[in-house]
S.K.: 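This is the structure, below, for whatever I ask next.
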Amino acid sequence: MRPSQALAPPQSAAPDPQLLLAWYDRHKRDLPWRAPRGVRPDPYAVWLSEVMLQQTTVEAVKPYFGRFLARWPDVAALAAAPLHEVMQAWAGLGYYSRARNLHACAGRIVEHHAGRFPDSEAMLRTLPGIGPYTAAAVVAIAFDRPTAVVDGNVERVVTRLHAIAQPVPQARELIREAVERLMSRERPGDFAQGMMDLGSMVCTPQRPACILCPFATACRAHAAGTPEVFPRKASKGPRSRRAGAVFVVHRADRCVLVRTRPAKGLLGGMTEFPGTPWAADFDLRTASAFAPIIADYRRLPGEVEHVFTHFALTLAVFSASVRGDLAAPSGHRWVTEADLDREALPSLMRKVLAHARTGARAAPDQACL
DNA sequence: AAGACGTGGCA
DNA sequence: TTGCCAAGTCT
């Protein structure tokens, strides 16, 4: 090597997809929805996993994926399932419109596509719950066809690789084009998954392990010494806070009063304990007007705290017991304690239930409503 | 086009 | 406790 070359500024070689594939072959994660090298995975399993993984961590998805696949081994089985069973099985995973769309999508696949997943992105995009990312992921991973798969991981890897300083929304097309140029045409599925593994294991949001990165020599952000400033994101304002109250009513025959939330919106279609609306200016003294049944309510000590993406919620819990022959008010129903586990109870309502169970024992009497 | 839409883990 | 983050989609 000539001295002039040694002294020259770091020469960034164009990133090579083979480097990523070699890294992936050595370090890829063993995930339940991944097929062995060279084996085409079941498009149904790929689609199911991709929908579950939308904004959701791998660890959270694993047990749900296993249960869904065991219970509904193919699209036809899922399409034939009652929606409420799917919602129940999804309970706890979050973003519940995904479960509704999953079921609707399965129905469309069976009705309009002879039970087989389309292999074209454009066709997949027309299906409920399948957006640009999921359509590309299914085409690349399940059908091993070359297409640019861009998720949050890929955005991070690519904005660092090219030191793209525009905030992500504006940079999206630039990122897609960069992936288009970079991706492997020979192993599109492995390339897509390799980029995501790289993003989650090496090119992490904080303290990326650049020393382990197959793209390190080509990476502009690494060269600049500031990988973690990419991607640039618009800062969000402070999270707002709301409050409300819920009523846990026990009947003498060990039933609990519940209702189903409207299909759309927050926790859409999920089971809940009746309560007040949730409001920033909630006043506890107005809670009684929302009690589902006339009864002797006791306020349980403490509160249930829950954080949604766009607001934090504080819930007061009221508890009461009523006679064994009381009918459920319209829009409500009685469910046995045992059957409660088979309800589509979101995490928030499981917290309420746990609070009611412990609170009822710890402090039988407090303020009355 | 910006905001709604869950949850749990971690600094 | 608060904020950020995780394989996005829909409106």
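Chain naming here is simple, since letters A, B, ... match the order of the sequence lines and numbering starts at 1 in each.
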S.K.: Between A:R207 and A:E228, is there a side-chain N and carboxylate O pair less than 4.0 Å apart?
M.R.: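 No.
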S.K.: Mind listing the residues from residues 31-61 of chain A sitting with a heavy atom below 4.0 Å of DNA chain B? Number order is fine.
M.R.: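 Close to the strand are A:Q55, A:T56.
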S.K.: Is A:R239 near enough to C:dC4 that one of its side-chain N or O atoms lies under 4.0 angstrom from OP1 or OP2?
M.R.: no
S.K.: Scan A:R207 against the nucleic acid and name what it touches under 4.0 Å (heavy atoms): base, sugar-phosphate only, or nothing.
M.R.: nothing
S.K.: Using the C1' atom on both, measure B:dC5 against C:dA6 and round to a whole Å.
M.R.: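 It works out to 15 Å between them.
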S.K.: What is the distance from CG of A:L102 to C1' of C:dG8, rounded to the nearest Å?
M.R.: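 So the two atoms are 14 Å apart, to the nearest Å.
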S.K.: More 5' along DNA chain C: A:I130 or A:P205, using each one's nearest nucleotide?
M.R.: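 Mapping each residue to its closest nucleotide by heavy atoms, the 5'-most match is A:P205.
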S.K.: May I have the distance from A:L124 (atom CG) to C:dT9 (atom P), rounded to whole angstrom?
M.R.: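 It works out to 11 Å between those atoms.
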S.K.: Under 4.0 Å, heavy atoms only, any strand: does A:G265 hit a base, just the sugar-phosphate, or nothing?
M.R.: sugar-phosphate
S.K.: Using the P atoms only, state how far B:dG6 lies from C:dT1, rounded to an integer number of Å.
M.R.: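 Pairwise P distance, C:dT1 against B:dG6, rounds to 23 Å.
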S.K.: Would you say the ring centroid of A:F247 lies under 6.0 angstrom from that of A:Y297?
M.R.: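 Centroid separation for A:F247 and A:Y297: below 6.0 Å.
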S.K.: Between atom NE2 in A:H310 and atom P in C:dC10, what is the gap in whole Å?
M.R.: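 Those two atoms, NE2 and P, are 18 Å apart.
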S.K.: Going 5' to 3' along DNA chain B, which are the first and last nucleotides with any atom under 4.0 Å from a heavy atom of chain A?
M.R.: B:dA4 to B:dG8
S.K.: Base, sugar-phosphate alone, or nothing: which one does A:R100 contact when heavy atoms must sit under 4.0 Å apart?
M.R.: nothing
S.K.: Measure the distance from CD on A:E305 to P on C:dG3 and round it to the nearest whole Å.
M.R.: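 From A:E305 CD to C:dG3 P: 12 Å.
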S.K.: Using the closest heavy atom to pick a nucleotide of DNA chain C for each, name whichever of A:G129 or A:R29 lands nearer the 5' end.
M.R.: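 Result: A:R29.
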S.K.: With a 4.5 Å limit on heavy-atom distance, are the side chains of A:W90 and A:Y96 in contact?
M.R.: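 When only atoms from C-beta onward are counted, A:Y96 and A:W90 do touch, with a gap below 4.5 Å.
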S.K.: For A:R333 and A:T260, test the side chains for any donor-to-acceptor distance below 3.5 angstrom and give the result as yes or no.
M.R.: yes
S.K.: Taking the side chain as every heavy atom from C-beta outward, state whether A:S184 and A:D190 have any atom pair closer than 4.5 Å.
M.R.: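 A:S184 vs A:D190: side chains apart.
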S.K.: If you look at every strand shown and take non-hydrogen atoms under 4.0 Å, does A:G92 touch a base, only sugar-phosphate, or nothing?
M.R.: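 A:G92: backbone/sugar contact only, no base atoms under 4.0 Å.
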S.K.: Pairs under 3.5 angstrom only: tabulate donor-acceptor contacts from the side chains of residues 102-112 of chain A to other protein residues two or more places apart or in another chain.
M.R.:
| unit_1 | atom_1 | unit_2 | atom_2 | d |
| --- | --- | --- | --- | --- |
| A:H103 | NE2 | A:A81 | O | 2.6 |
| A:R108 | NH2 | A:T126 | O | 3.0 |

S.K.: Would a hydrophobic clustering, with Ile, Leu, Val, Met, Phe, Trp and Tyr connected at side-chain separations under 4.5 Å, put A:V149 with A:V168?
M.R.: no
S.K.: In whole Å, measure the gap between the P atoms of B:dG8 and C:dT9 for me.
M.R.: 22 Å
S.K.: For residues A:Y24 and A:M201: do they belong to one hydrophobic cluster (side chain heavy atoms under 4.5 Å, members Ile, Leu, Val, Met, Phe, Trp, Tyr)?
M.R.: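 Same cluster.
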S.K.: Is A:V154 touching bases, backbone alone, or none of the nucleic acid, heavy atoms closer than 4.0 Å?
M.R.: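 Touches nothing.
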S.K.: NA contact type, A:L267, heavy-atom cut-off 4.0 Å: base, sugar-phosphate, or nothing?
M.R.: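 Sugar-phosphate contact only - A:L267 comes under 4.0 Å of backbone atoms but never of a base.
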S.K.: Between A:R242 and A:F311, is NZ or CZ placed under 6.0 angstrom from the six-membered ring centre and within 45° of the ring axis?
M.R.: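 Verdict for A:F311: a cation-pi partner in A:R242.
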S.K.: Would you mind reading off the distance between A:M196 atom CE and C:dG8 atom C1', rounded to a whole angstrom?
M.R.: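 Value for this atom pair: 12 Å.
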S.K.: Can you confirm if the NZ or CZ of A:R98 lies within 45° of the ring axis of A:Y95 and under 6.0 Å from the centre of its six-membered ring?
M.R.: no
S.K.: May I ask you to say what A:P169 touches in the nucleic acid, namely base, sugar-phosphate or nothing, with a heavy-atom cut-off under 4.0 Å?
M.R.: nothing
